[in-house]
There are 2 protein chains.
Amino acid sequence: MDAIDRSLLRLLHTDARATYHDLGKAVRLSANTVSERVRRLRTSGVVRGYRAELDPAALGRQLVMVTDVRLSEGIDRHAFESGLDAIPQVVAGSRLTGEYDFQLRVVCIDATEFEGVVDTLKRNHGVRECRSRLVLHDLALDESRLLDL
Amino acid sequence: MDAIDRSLLRLLHTDARATYHDLGKAVRLSANTVSERVRRLRTSGVVRGYRAELDPAALGRQLVMVTDVRLSEGIDRHAFESGLDAIPQVVAGSRLTGEYDFQLRVVCIDATEFEGVVDTLKRNHGVRECRSRLVLHDLALDESRLLDL
DNA sequence: AATGAAAGCACACTGGT
DNA sequence: ACCAGTGTGCTTTCATT
């Protein structure tokens, strides 16, 4: 992992469909060499994959909530996690330390749909308590900033 | 936006570097037609971009914290947001309703580094109070799940 | 690790259904 | 909206340093 690799990671984070040829022009290396470096970055696990970033708003979903969740006694954490597959509005989540067990990000069309999600969580997934707040907006930051350190 | 477009979005979310030819094989369309559909999805804003997903742990950063933050009176929200550019450990964040003003995701090497981030936030960025918890792990969910609705 | 050459493919146009 | 053909340019392999 040298400075060139970090440049390549930044470039691929900006546009994962950039050609090796163009990446090579940017770092002054042949397409060939870039291809090998990127393959190494992939197999070493630094690059986990290449993802198309979707815009939920363009899919008609403009209500984003952050919901902290506490499970009832006797609910298996692992079962709860796999059960979330059944609720597509839950697009991300983490298990956290502290007062609550999990934090979920829930993307909905409107408050009615969100109400349905909360009811489902409580009725079918062993959620005892939840605490939700509206996402006003997301900040323009991302993980590629770690390359600056 | 029909079922084929949703398939293409799912495929591109799994591998944003897939060729139009391969995408076409999956949805039984010519590479040509796939290219046109994908271009429409891009210009309509459903696809915001293509990103390489990095693994912070592979970059030597294994401590991930979620930190809620409340700003002091008289601190401009917008100034706070742009000021975060100076702290690369902050890899994501949202402005939220509720008790706290923002929630940040902070990726560090160890507790000492995180302590530095918290001190910086309080000393230089107008943070009055913060409440942090450790991310035990992230759930295997993503925004492409919205396509199932 | 990096390079250049050459074969094999993918991509972007055009034109046509 | 979709497809086929074509020219251009990208990717990959191999020999070489």
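Computed from a prediction, not measured in an experiment: that's the story for all the values here. In the text below, chain A, chain B and the rest are named by the order of the sequence lines, each starting its count at 1.
What separates OH of A/Y20 from P of C/dC9 is a distance of 17 Å, to the nearest Å. The distance from atom CZ of A/R28 to atom C1' of C/dT3 is 16 Å, rounded to the nearest whole Å. Spacing between atom NE2 of B/H21 and atom P of C/dC11 amounts to 9 Å, rounded to whole angstrom units.
Checked for salt-bridge contact, B/D148 and B/R10 meet the test: a charged N lies under 4.0 Å from a carboxylate O. A salt bridge is absent between A/E143 and A/R48: the closest approach of a Lys/Arg side-chain nitrogen to an acidic carboxylate oxygen does not fall below 4.0 angstrom. Under a 4.0 Å N-O distance rule, the pair A/R61/A/E113 qualifies as a salt bridge. A/D101 has no carboxylate O lying under 4.0 Å from a charged side-chain N of A/R128, or vice versa, which leaves the two without a salt bridge.
In this structure, B/D2 and B/R17 both approach DNA chain D, and ranking their closest nucleotides by distance from the 5' end singles out B/D2.
Here the CG-CG distance, from A/L41 to A/L12, works out to 8.0 Å after rounding to the nearest 0.5 Å. In this structure, OG in B/S30 is found 14.0 Å from NZ in B/K25, a value given to the nearest 0.5 Å.
Note on the helix from C/dA1-D/dT17 to C/dT17-D/dA1: terminal axis deviation equals 30°, with five pairs used at each end and the result rounded to 10°.
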Between protein and nucleotides 15-17 of chain C, what N or O pairs are separated by less than 3.5 Å?
none

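Taking 4.5 Å as the limit, every side-chain heavy atom of B/L139 sits out of range of all side-chain heavy atoms of A/V90. Contact check for B/L9 versus B/M1: side-chain heavy atoms found under the 4.5 Å cut-off. Contact annotation: the side chain of B/L59 approaches that of A/L147 to within less than 4.5 Å [non-hydrogen atoms, C-beta and beyond]. For the pair A/L63 and A/L134, the minimum side-chain heavy-atom distance is below 4.5 Å.
Contacts of A/T19 with the nucleic acid, taken as non-hydrogen atoms under 4.0 Å apart, involve only primed sugar atoms and P, OP1 or OP2.
The nucleotide range of DNA chain D contacted by chain A, defined by atoms under 4.0 angstrom from heavy atoms of the protein and reported 5' to 3', is D/dC10 to D/dC14.
Out of C/dA2, C/dA10, C/dA12, the shortest distance to the side chain of A/R40 is found at C/dA2.
The side chain of A/R37 contributes an N or O atom lying less than 4.0 Å from OP1 or OP2 of C/dA2. Close to C/dA12, at under 4.0 Å from its OP1 or OP2, lies a side-chain N or O of B/S35. In this structure, A/T33 reaches the C/dT3 phosphate: one of its side-chain N or O atoms is under 4.0 Å from OP1 or OP2.
Cation-pi geometry between A/R17 and B/Y20 is satisfied (NZ or CZ under 6.0 Å from the ring centre, within 45° of the ring normal).
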